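One structure is given here, and the rest of the page talks about it.
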2 protein chains.
Amino acid sequence: MAHALSLAQNEIADDDALARDVLGQVAGRWSLGVLCVLAEAKGPIRFSRVLDGVDGITAKVLTQALRQLERDGFATRTIYAQVPPRVEYALTELGLELIEHVDPLTRWATRRAKDFRAARARFVR
Amino acid sequence: MAHALSLAQNEIADDDALARDVLGQVAGRWSLGVLCVLAEAKGPIRFSRVLDGVDGITAKVLTQALRQLERDGFATRTIYAQVPPRVEYALTELGLELIEHVDPLTRWATRRAKDFRAARARFVR
DNA sequence: ATCGATAGTGACCTAAAGGATACTTATATG
DNA sequence: CATATAAGTATCCTTTAGGTCACTATCGAT
């Protein structure tokens, strides 16, 4: 065993490793898009509205993405005991901060797109 | 066919999509670690020195990571016709910019690690 | 009695990323 | 002659992300 006090499945001891893990998740195919829809909503928003807002996502994958955002503290999930069910999601303060910190990076990358394109055109192997 | 002038395999038409693609690659398991070793070297550095510098990576995966960094313009690769072979990698201006833009995000995430940990501890499902 | 609405879950599949291990090449050294 | 070296490839395997499609529960409305 690697640790004196063993870790439960998926607990991460080191802050750097945890930060990398969280950012790695966020870098997935859908997380940022979902986060942006939550941000645009400026308040609680239902599951099916998010589903409409994120182009191309399926219900199953959206559920997974939302669970992960909830797990890491970027979104909240509120269930109303109604039939048919109502579940609302909202961005947290932490989620908003994440968006604000990711934004400059994506803006830079978009500004530099021409350079990426040129590099890829040059590249042969 | 989706485009009037069809795209070769893996060409991306839209700047936003290209930027996302590049950042998606960079967000992989190894790219940033490799980039940091190139940055610390402050100059050309041999394949095997990079291999030593990135903890846990294998030669095959390092080769893949370096090829991708080269392809997107973040690193250069110089082959010297010697036996045994010598190949040197170096960070480009674009690669340095990337590091400078990613850094604030990872610093923020590390500062917030406590919050991620707390959220994950709270989370049960 | 059946339908539609909402927010899912479950079983299954594919593609891509990552990883282990063995092999290659040419030369210099002992 | 055998061995070491550097920078990889080739082959095979496992894991993970993402995707399809079918299914569920409950209630009010038709």
Side-chain angles (χ1 to χ4, degrees), chain A residues 9-10 12 17 20-35 37-38 41 44-72 75-90 124-125, chain B residues 9-10 12 17 20-34 37-38 41 44-72 75-90 123-125:
Chain A
Q9 18 75 266
N10 229 16
I12 296 174
R20 272 197 304 280
D21 188 67
V22 169
L23 290 182
Q25 298 293 321
V26 166
R29 181 120 164 58
W30 298 111
S31 297
L32 277 181
V34 173
L35 231 25
V37 170
L38 296 188
I45 174 174
R46 296 185 71 159
F47 180 85
S48 36
R49 293 315 104 223
V50 184
L51 193 60
D52 295 343
V54 182
D55 207 66
I57 201 169
T58 64
K60 185 200 156 194
V61 173
L62 176 58
T63 300
Q64 290 171 352
L66 285 168
R67 287 289 189 284
Q68 172 246 298
L69 293 176
E70 188 196 358
R71 183 194 59 166
D72 292 340
T76 59
R77 178 171 183 263
T78 312
I79 308 155
Y80 297 87
Q82 298 181 359
V83 164
R86 180 157 66 106
V87 178
E88 286 185 344
Y89 295 88
V124 275
R125 201 167 320 269
Chain B
Q9 19 75 267
N10 228 16
I12 297 175
R20 272 197 304 279
D21 189 67
V22 170
L23 290 182
Q25 297 293 322
V26 167
R29 180 120 165 58
W30 298 109
S31 297
L32 278 180
V34 173
V37 170
L38 296 188
I45 174 174
R46 297 185 71 159
F47 181 86
S48 35
R49 292 316 104 220
V50 183
L51 194 59
D52 294 343
V54 182
D55 207 68
I57 200 170
T58 64
K60 184 203 156 192
V61 173
L62 176 57
T63 300
Q64 290 171 351
L66 285 167
R67 288 288 190 284
Q68 172 245 296
L69 293 176
E70 188 196 358
R71 183 194 59 167
D72 291 338
T76 59
R77 178 172 183 266
T78 311
I79 308 155
Y80 296 88
Q82 298 180 359
V83 164
R86 180 156 66 107
V87 179
E88 287 186 343
Y89 294 89
F123 186 74
V124 276
R125 202 167 318 269

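Here the structure is a predicted model, which is why all the values come from computation and not from measurement. Residue numbers start from 1 in every chain, and the chains themselves are labelled A, B, ... in the order their sequence lines are given, proteins ahead of strands.
Checking A/V83 against A/W30, the closest nucleotide of DNA chain D that is more toward the 5' end is the one next to A/W30. Position along DNA chain D of the nearest nucleotide to A/Q64 versus B/A59 favours B/A59 as the more 5'-ward residue.
With hydrogens and angles left out, the side-chain atoms of B/S31 and B/Q25 include no donor and acceptor closer than 3.5 Å.
Across the protein-nucleic acid pair, B/R29 atom CZ and D/dT14 atom P stand 19 Å apart, rounded to whole Å. If you measure from atom CG of B/L51 to atom P of D/dG8, you get 10 Å, rounded to the nearest angstrom. One atom, CZ of A/R67, and another, C1' of C/dG10, lie 14 Å apart when rounded to the nearest Å. Counting to the nearest Å, the P atom of D/dT26 and the CD atom of A/Q82 are 16 Å from each other. The distance between atom CZ of B/F47 and atom C1' of D/dA6, rounded to the nearest whole Å, is 9 Å. A straight line from CD of B/Q68 to C1' of C/dG18 spans 14 Å, rounded to a whole angstrom. Residue A/L32 contributes atom CG, which lies 16 Å from atom P of D/dA17 at whole-angstrom precision. For the pair A/L66 CG and C/dG8 C1', the computed distance is 11 Å after rounding to whole Å.
Atoms CZ and OH, on A/R46 and A/Y89 in that order, are 11.5 Å from each other to the nearest 0.5 Å.
Taking only side-chain atoms of B/P84, from C-beta outward, the nucleotide of D/dT5, C/dA7, D/dA7 with the closest atom is D/dT5. Of the candidate nucleotides D/dT9, C/dT6, C/dG19, C/dT6 has the atom nearest to the side chain of A/S48. Checking D/dA6, D/dG8, C/dA7 against the side-chain heavy atoms of A/R86 singles out C/dA7 as nearest.
Using a 4.0 Å heavy-atom criterion, one finds that A/Y89 contacts the sugar-phosphate atoms exclusively. Nucleic acid contact class of B/R49 (heavy atoms, under 4.0 Å, all strands): none.
For C/dG8, the OP1/OP2 oxygens have a side-chain nitrogen or oxygen of A/R77 closer than 4.0 Å. Close to D/dA6, at under 4.0 Å from its OP1 or OP2, lies no side-chain N or O of B/R46.
In plain terms, the two heavy atoms of B/D55 and B/W30 that are nearest each other are O-CZ3, 3.5 Å. Smallest separation of non-hydrogen atoms from A/A90 and A/P44: CB-CA, 4.1 Å.
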Step-by-step side-chain contact (heavy atoms from CB on, under 4.5 Å) determination, A/L62 to A/V50:
CA-CA 8 Å; A/L62 176 58; A/V50 184; 3.7 Å; yes
